[in-house]
Amino acid sequence: MARRPHVLVYDSGLGGLSVARALHRLGGGHVCLSYLADTGGFPYGDWPEITLRKRILALMHQVMQTVRPDVVVIACNTATVTALAPLRSTFAVPFVGTVPAIKPAAHATKSGIIGVLATPSTVRREYTEMLIHTYAYHHRVVLHGAPHLARLAERRLSGEPVAPEDIAAEIAPAFLCEGDGRRTDVLVLGCTHYPLIREDIEAAAPWPVTIIDPSPAIARRALEVAATCHREMTETCKDHGPDRPAGWVTDAAGQDRLGPILVREGFSPVGVLDLPERDRP
Ligand code: DGL
């Protein structure tokens with residue numbers, strides 16, 4: 001009997017919900033979706049590169065044994081620019097990555113000034129520099145690592161109040177106005193948490209800009225990859241039934257904090273994926 005491919009959406013926290021929601025909208029019925037938030041490692045934005053890469057690899061080893069997805073969507077820019085290549089060379093399962101959408105931004109800008117809002121880790125990675133050199137070398141790219149914006153997005157999603165001034169302070173450095181009057185006209189949301197507070201970002205922006213949210217493109221790519229797996233599968237979906245978690249976190253505190261939100265988003269029940277002690281931050 002044919003079964004639907006099992007697609008795991010993975011992020012450090014709730015940010016991947018921006019991609020999961022797009023997946024639901026665009027073709028959720030064709031796949032079994034589950035969600036993993038590495039709550040024990042959140043936020044990824046300030047981890048050193050090598051330590052984070054090791055953690056992500058250890059986490060995926062655990063995922064392959066316990067969750068057993070057919071496709072993994074790394075719905076996290078920081079994880080993708082840190083570990084996509086080693087993940088692909090270590091595991092047989094296909095990985096769909098998420099990187100700052102510099103290429104579409106380079107096409108969309110008229111002023112030639114692009115703002116990229118991402119985590120501090122993402123702006124430091126060579127991968128991000130390479131994207132700029134390849135696609136936007138002829139433009140001015142203002143890369144800004146927002147230290148607290150992912151955390152503010154999680155607070156907002158948990159229903160806690162977030163001051164508009166705090167969001168304004170986090171995004172302001174991505175906006176540039178040159179002496180000749182040209183100013184940032186395109187803003188790339190280079191962290192999957194940010195589309196979840198897109199309206200707050202728009203309201204806090206010093207002037208209107210075109211916002212680039214890559215979630216629909218990532219979701220389309222994930223569905224294409226899943227459709228390829230589909231042809232190879234013949235057994236029932238034993239890994240993803242009513243008794244199996246559809247939502248995963250990596251610590252008990254994360255289960256308390258994010259559990260109700262994941263359930264609300266359709267990822268129920270929520271289980272804790274145990275990481276060996278040495279891999280904890
Ligand atoms: N959502 C993640 C990203 O796209 C990272 C947020 C964080 O853990 O700092 O980069």
Side-chain angles (χ1 to χ4, degrees), residues 8-23 35-49 51-56 59-60 72-84 87 95-102 105 115-129 131 143-158 162 166-167 170-171 174 187-198 200-201 211-219 221-222 248-251 253-254 257-258 261-262 265 275 279-281:
L8 175 72
V9 177
Y10 149 60
D11 180 40
S12 58
L14 294 174
L17 290 177
S18 55
V19 176
R21 287 175 183 174
L23 267 163
Y35 191 91
L36 165 65
D38 183 8
T39 49
F42 179 82
Y44 280 176
D46 41 18
W47 278 65
E49 183 167 5
T51 327
L52 181 58
R53 188 172 298 131
K54 275 194 195 149
R55 180 180 177 88
I56 295 169
L59 178 61
M60 283 301 137
V72 177
V73 181
I74 313 176
C76 175
N77 293 260
T78 312
T80 304
V81 298
T82 303
L84 182 63
L87 285 172
F95 286 87
V96 175
T98 308
V99 297
I102 311 274
V116 178
L117 207 52
T119 67
S121 290
T122 297
V123 306
R124 282 197 296 267
R125 295 291 179 268
E126 237 173 76
Y127 197 128
T128 308
E129 275 305 311
L131 289 171
L143 255 184
H144 172 54
H148 310 297
L149 198 54
R151 270 203 199 88
L152 292 178
E154 297 236 326
R155 277 183 29 201
R156 189 85 166 79
L157 254 88
S158 308
V162 172
D166 290 344
I167 293 185
E170 288 289 308
I171 69 171
L187 182 69
V188 174
L189 301 184
C191 165
T192 51
H193 279 73
Y194 305 163
L196 300 171
I197 52 163
R198 180 181 176 143
D200 303 80
I201 291 174
I211 291 202
I212 307 224
D213 164 14
S215 324
I218 309 297
R221 179 70 195 134
W248 294 92
V249 291
T250 55
D251 64 353
R257 197 168 56 86
L258 302 198
I261 300 171
L262 293 181
E265 297 278 333
L275 276 184
D279 297 314
R280 294 186 197 279

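This structure is a prediction, so every number in the text was calculated from the model and none was measured. For ligands, and for the atoms within them, numbers begin at 1 and follow the listed sequence.
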Original post:
Got a sec: does the CZ of Arg53 have more than 12 other heavy atoms crowding it under 6.0 Å?
Top reply: yes
**OP:** Would you mind running through ligand 1 and noting each atom that sits below 4.0 Å from a heavy atom of Asn77?
**Re:** 3 (C), 4 (O), 10 (O)
**OP:** Look only at the side chain of Thr82 and the backbone of Glu49, and say whether a donor-acceptor pair between them is shorter than 3.5 Å.
**Re:** no
**OP:** Tell me which part of Thr119 gets within contact of ligand 1: side chain, backbone, both or neither, using heavy atoms under 4.0 Å.
**Re:** side chain
**OP:** May I ask you to check if ligand 1 and Ala150 share an N or O to N or O distance below 3.5 Å?
**Re:** no
Original post:
So, the side chain of Thr39 versus the backbone of Val249: is there a donor-acceptor pair under 3.5 Å, distance only?
Top reply: no
**OP:** May I ask you to check whether Tyr44 has an N/O atom sitting below 3.5 Å from an N/O atom of ligand 1?
**Re:** yes
Original post:
Is it the side chain, the backbone, both or neither of Ser12 that has a heavy atom closer than 4.0 Å to ligand 1?
Top reply: side chain
**OP:** Have a look at Thr122 and tell me which of Asn77, Thr78, Thr128 forms a side-chain hydrogen bond (donor to acceptor under 3.5 Å, both in side chains) with it.
**Re:** Thr78
Original post:
With no hydrogens and no angle check, is any side-chain donor or acceptor of Ser18 less than 3.5 Å from a backbone partner on Ser215?
Top reply: no
Original post:
At a 4.0 Å cut-off, with the gap strictly under it, does some heavy atom of Cys76 reach an atom of ligand 1?
Top reply: yes
Original post:
Looking only at heavy atoms, is any part of Thr78 under 4.0 Å from ligand 1, and if so is it the side chain, the backbone, or both, or is it neither?
Top reply: both
Subject >> Interatomic distance, Ile167 atom CD1 to Tyr194 atom OH [nearest 0.5 angstrom] >> reply: 11.0 Å
